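Shown next, in structure tokens, is the structure this report addresses.
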There are 2 protein chains.
Amino acid sequence: MKDLIEFRADVLKAVAQSTRLKIIDFLRDGERCVCEIFPAIGEAQSNTSRHLKMMQSAGVLSRRKDGLKIYYAIKHPEILEVIDLVTDIVKQDIYGRHSLLKGA
Amino acid sequence: MKDLIEFRADVLKAVAQSTRLKIIDFLRDGERCVCEIFPAIGEAQSNTSRHLKMMQSAGVLSRRKDGLKIYYAIKHPEILEVIDLVTDIVKQDIYGRHSLLKGA
DNA sequence: GTACTATATGACTATATAGTCATAAATAAC
DNA sequence: GTTATTTATGACTATATAGTCATATAGTAC
């Protein structure tokens, strides 16, 4: 049976990919249906649907059905804190290291 | 060139795997050499070395050489906050969902 | 120099992942 | 019923990842 460490890895994996990070950023303002999400992030509907399902399975997104549409939302606000902390790390470390902030 | 979103994905990927989470947990108390890390987590030296290198490349670990030994440490304390937040999510959500807390 | 210790890496296998395209399933409107 | 809309999924390809084993590299002790 899966233990705590594997569940933690699953949640982290669910947010550790560019397309999924774009989805999460788009969901910051609240729930959105698939038909709003995939054009916003510039990915195919089928690929977007797979990523949404994956994040829901990991416990990162919630899913609500309303007629034809399926609305996804960020399930735990802590996920946004996680991403903001990682953004801090990147800005301190990697961005500096690669001199991407020449203009800043 | 890599953009902010890809660097964030790299950092998250660096912590989104069981073996690497074990390493990070072991490094909570401070820096350790490879010869201490791999027996502690129960992995082969070569595999441990690859994971350490990967985490250092992503900016998650620092590396210090002292004679024959290489000491790795958590570079940004925010990483531990990230993992603690994810642990909270798992305890709220996944652990509950899978009824692993029957005794709690 | 040799012998030993600690770490990294090349070559490989097996599995997982991201993405595409076509299509299925479910609901809505008529 | 038919048609249109929205989402999910099967089948597939290409790439990435985790791990193993043997060996190379770098430093220490003699």
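Every chain is numbered from 1, with letters handed out A, B, ... down the list of sequences. What you are looking at is a predicted structure, and each value in this text was computed from that prediction instead of being measured.
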Is there side-chain contact between V82(B) and V11(B), with heavy atoms separated by less than 4.5 Å? no
Report which part of the nucleic acid Y72(B) touches: base, sugar-phosphate, or nothing (heavy-atom distance under 4.0 Å, all strands). sugar-phosphate
Comparing I70(B) with D66(A), nearest DNA chain C nucleotide closer to 5' gives the residue I70(B)
Which whole-number value in Å describes the distance from Y71(A) OH to dT7(D) C1'? 13 Å
Nearest-nucleotide check on DNA chain D, K13(A) vs S49(A); residue mapping nearer the 5' end is S49(A)
Does N47(A) reach the side chain of H51(A), with side-chain heavy atoms less than 4.5 Å apart? yes
For F26(A), is the NZ or CZ atom of R32(A) found under 6.0 angstrom from the centre of its six-membered ring and inside 45 degrees of the ring axis? yes
Answer whether the closest heavy-atom distance between the side chains of I24(B) and I74(B) falls below 4.5 Å. yes
Does a nitrogen or oxygen in the side chain of Q17(A) sit under 4.0 Å from OP1 or OP2 of dA16(D)? no
Heavy-atom check, side chain of D93(B) versus side chain of H76(A), under 4.5 Å: yes
To the nearest angstrom, how far is R63(A) atom CZ from dA26(C) atom P? 12 Å
Here the distance between atom P of dG19(C) and atom CE of M54(A), to the nearest Å, is 11 Å
F38(A) CZ to dA8(D) P, in whole Å, measures 11 Å
Separation of dT7(C) C1' from R64(B) CZ (nearest whole Å): 15 Å
Quickly work out the L61(A) CG to dA8(D) P distance and round it to whole Å. 12 Å
Atom pairs, N/O to N/O, protein against nucleotides 20-26 of chain D, distance under 3.5 Å?
{"residue": "dT20(D)", "atom": "O4", "partner": "R50(B)", "partner atom": "NE", "Å": "3.3"}
{"residue": "dT20(D)", "atom": "O4", "partner": "R50(B)", "partner atom": "NH2", "Å": "3.1"}
{"residue": "dC21(D)", "atom": "N4", "partner": "S46(B)", "partner atom": "OG", "Å": "3.3"}

Flag side-chain contact, heavy atom, 4.5 Å: D25(A) against I5(B): yes
Using a cut-off of strictly less than 4.0 Å, decide whether K69(A) has a side-chain nitrogen or oxygen near OP1 or OP2 of dT7(D). no
Return the value, rounded to whole Å, for the distance between atom CD of E31(A) and atom P of dT7(D). 12 Å
Rounded to the nearest Å, what distance is computed from the NZ atom of residue K53(B) to the P atom of nucleotide dA18(D)? 14 Å
Check whether any side-chain heavy atom of I89(B) sits under 4.5 Å from a side-chain heavy atom of R8(A), and report yes or no. no
